[in-house]
Amino acid sequence: MPAHTTHVPPAEAVTPTGAMAPAEAVAPAEAVAPLLRGIAVLRRLTEAPDGTLSLSALEKTTGLARSTVDRLTATLARMGYVRLDGRDVTLAPRLMELGNAYLAALRLPALLSARADALADELDESVSLAVGDRDGVRFIHQATRRRAMSLSFRIGDLLPAERTAPGPLFATQWTDPDWHRWRSRRAADPADRTFPAVPPRQHPTADDDFVLRTSTAASDGYALDDQLIEPGLVALSVPVRDLRDPGAGHLACVASVVSHTSRHTAPDLRTTLLPRLRAAVTAMETDLRTAPPPAPGPPRTDLATWTGASKQELGREFVESLARGLTVLTAFGEGRSALTLTQVAQATGLARATARRALITLTHAALVAPAPDATFTLTPRVLSLGFPPLSRTSLPEIAQPHLTALADRVHESTSLAVLSDSGEEIQYTARASAPHVLSARVTLGTRLPAHATALGRVLLAHPEVRARGYALVDEELEAGLRAVAVPVHDRTGRVTAAINVATHPARRTPTACETELLPELSRTATAIEADLRVAGRFVHVPPT
């Protein structure tokens, strides 16, 4: 790789000031306060274990009044971005559409993830793609190995630049204000407690150490992480440049091979894996250079109409300015990476003045960045709105709230199952019970013969079942058990699972199963598929 000039100001030229993060700085007069408050709620939920906090915990961590928290969460629930369960608020898969908008506009995961996955298979090591986020590093793709000792980083996780292998490579392009921001953050948070994805720093290093690593990375064209995040973790990184730009090319992202010291030392990574990593990066750069321009999809011009209708229905419990502000983020996407104010207004159906205030607010929150050509782009910080915890969501986790709601509506037990590797059995992976003394009770993980169950017949797709779109099994597996099942499709249209409703013949006839249960079952499958399409756009959703 060619050497690049590194812009690093001398340490004595910068004095830490304890500058506030964008969300904490004084908001401009035209900022939409409810939008900023809603963003704060989503960020607190993102930082919480399992993406769940109680309403009282949100009140405490955001400093907002309880009535305000109630209205904000009610609005986010209406949008499908959170789920309300009693006094608890949980992030919902639909929220990933915000991060998807950024990743689609970026295009890098779509263009480069197959190369990263292939390299991970070749090396039998984890491979990641990362972009710079101010003085941090944020992951946009992960190809991990399934081992007892494996990585826990998630797409969207933010790491301090100085504790990573990609960090020095991004820092080669930092300006004086970037270095000033980095030193200020280091002084204000020496233990890295504002980075939940990494353990607190036990032994802070001098600023000069990162400055030296940055200079070395600029000369060598690669960088190493020798247990900077935690003992045992090592990584090797190489920059991926967009060579459509003149000269050396813009730093598009960084590709990394990540391992641990029981498999490789840091010097060993450099010696044995650097040539193969560089070869993969060269192929990635060719893909970037030769990729045809993206064809933009149709904009979602009905967003303003939807938010207006929701306001009419829910009244003051629906914070329309929050909903409209967040929908501005979804105006961006593949083929729509940079939009003018007029284009944002057209894509959302919002009034120009409304779109303008939303963009001002989102810029203040560091979710949107203005460009010199009067356009706006999404920043990697959009991934901080729920994407990391949701990127590890499994199909049973997606289905569970829908199954619970279905069981409540039809007063019967319902289940989700997948086909075993042999294709001869089904395995139950999620279920919801009904309040009957006599009801279908199946333990999660139970396996049953596929041919004798409605779930199995849907998954096996017998000719008659495929034509009808559902299966009805009447007391074939067990006397007194009648069940109807429908398929659940993934983003590609492939049947990936099935859901059923099980009842006793004394409660519903076969005809009643078709006329009363089947429509509700199909409605539930459609809802699960909608969540699965959003969640599975850029991440793999495990079926179990």
Side-chain angles (χ1 to χ4, degrees), residues 46-51 116 119-120 123-171 182-183 185-214 216-217 222-238 253-274 277 380 383-384 387-389 391-392:
T46 302
E47 295 165 0
D50 301 320
L119 181 62
L123 303 180
D124 194 27
E125 299 288 354
S126 294
V127 173
S128 65
L129 300 176
V131 294
D133 186 353
R134 295 193 175 221
D135 60 348
V137 171
R138 205 176 287 273
F139 293 108
I140 59 169
H141 181 74
Q142 292 276 14
T144 57
R145 302 293 87 187
R146 289 193 172 186
R147 298 194 182 100
M149 184 65 68
S150 60
L151 300 177
S152 61
F153 292 133
R154 307 161 300 184
I155 296 177
D157 271 336
L158 179 68
L159 279 63
E162 67 275 12
R163 293 179 65 180
T164 69
L169 295 168
F170 289 117
W182 174 73
R183 295 183 192 278
R185 187 261 296 167
R186 292 259 297 173
D189 181 27
D192 293 336
R193 298 189 182 278
T194 55
F195 294 87
V198 298
R201 188 193 301 270
Q202 300 297 321
H203 306 289
T205 57
D207 288 358
D208 288 347
D209 177 72
F210 184 58
V211 172
L212 177 60
R213 290 178 57 220
T214 300
T216 302
Y222 69 87
L224 284 172
D225 167 5
D226 191 356
Q227 308 180 74
L228 295 170
I229 292 177
E230 66 179 14
L233 182 67
V234 292
L236 170 69
S237 294
V238 169
C253 66
V254 167
S256 303
V257 177
V258 188
S259 187
H260 57 84
T261 51
S262 296
R263 294 177 59 83
H264 293 280
T265 64
D268 181 47
L269 276 181
R270 177 183 58 215
T271 302
T272 62
L273 302 187
L274 181 58
L277 176 56
L383 295 174
S384 70
F387 211 91
S391 69
R392 292 289 179 88

R270 side chain vs T265 backbone, donor-acceptor pair below 3.5 Å: no

For a quick test of reading the model, state the closest non-hydrogen atom pair linking Q142 to S128 and the distance between them. OE1-CB, 3.3 Å

Apply side chain to side chain contact (heavy atoms under 4.5 Å, CB included) to F170 and V254, showing your working. CA-CA 8 Å; F170 289 117; V254 167; 3.5 Å; yes

Walk me through it: do L159 and D192 pass the test side chain to side chain contact (heavy atoms under 4.5 Å, CB included)? CA-CA 9 Å; L159 279 63; D192 293 336; over 6 Å; no

Rounded to the nearest 0.5 Å, the CD atom of E230 sits from the CZ atom of R163 at a distance of 8.5 Å

Please check if the side chain of D225 supplies one atom and the backbone of L228 the other of a donor-acceptor pair under 3.5 Å. yes

Would you please test L236 and H264 for side chain to side chain contact (heavy atoms under 4.5 Å, CB included) and show each step? CA-CA 11 Å; L236 170 69; H264 293 280; over 6 Å; no

Is D268 atom CG crowded by more than 12 heavy atoms from other residues, nucleotides or ligands, each under 6.0 Å away? yes

Could you check whether any side-chain N or O of S391 sits under 3.5 Å from a backbone N or O of R154, counting only pairs where one atom can act as donor and the other as acceptor? no

Q227 side-chain N/O to L233 backbone N/O, donor-acceptor pair under 3.5 Å: no

Ignoring hydrogens and angles, tell me if any N or O in the side chain of D189 forms a donor-acceptor pair with the backbone of T194 under 3.5 Å. yes

On a heavy-atom basis, which atom in A266 and which in D226 lie closest, and how many Å separate them? CB-CG, 3.6 Å

With rounding to the nearest 0.5 angstrom, report the OG to CG distance, S256 to L224. 10.5 Å

Nearest heavy-atom approach of A223 to A165 is CB-O, 3.2 Å

Using 0.5 Å steps for rounding, measure from the CZ atom of R186 to the CG atom of D207. 4.5 Å

Atom pair OG (S259) and CG (L123), whose distance is rounded to the nearest 0.5 Å: 10.0 Å

Quick check: closest heavy atoms across V198 and P160, and the distance to 0.1 Å? CG2-CD, 4.0 Å

Looking at F139 and L383, what are the two nearest heavy atoms and their distance? O-CD1, 4.0 Å

With E162, which of R213, R201, R183 fulfils salt bridge (charged side-chain N to carboxylate O under 4.0 Å, His left out)? R201

Smallest heavy-atom separation, V131 atom then C253 atom, equals CG1-CB, 4.1 Å

Would you confirm whether R185, through its side chain, and D135, through its main-chain N or O, come within 3.5 Å as a donor-acceptor pair? yes

Please round to the nearest 0.5 Å and tell me the distance separating atom CZ of F153 and atom OG1 of T164. 9.0 Å

Hey, are the side chains of T46 and P389 touching, using non-hydrogen atoms and a 4.5 Å cut-off? yes

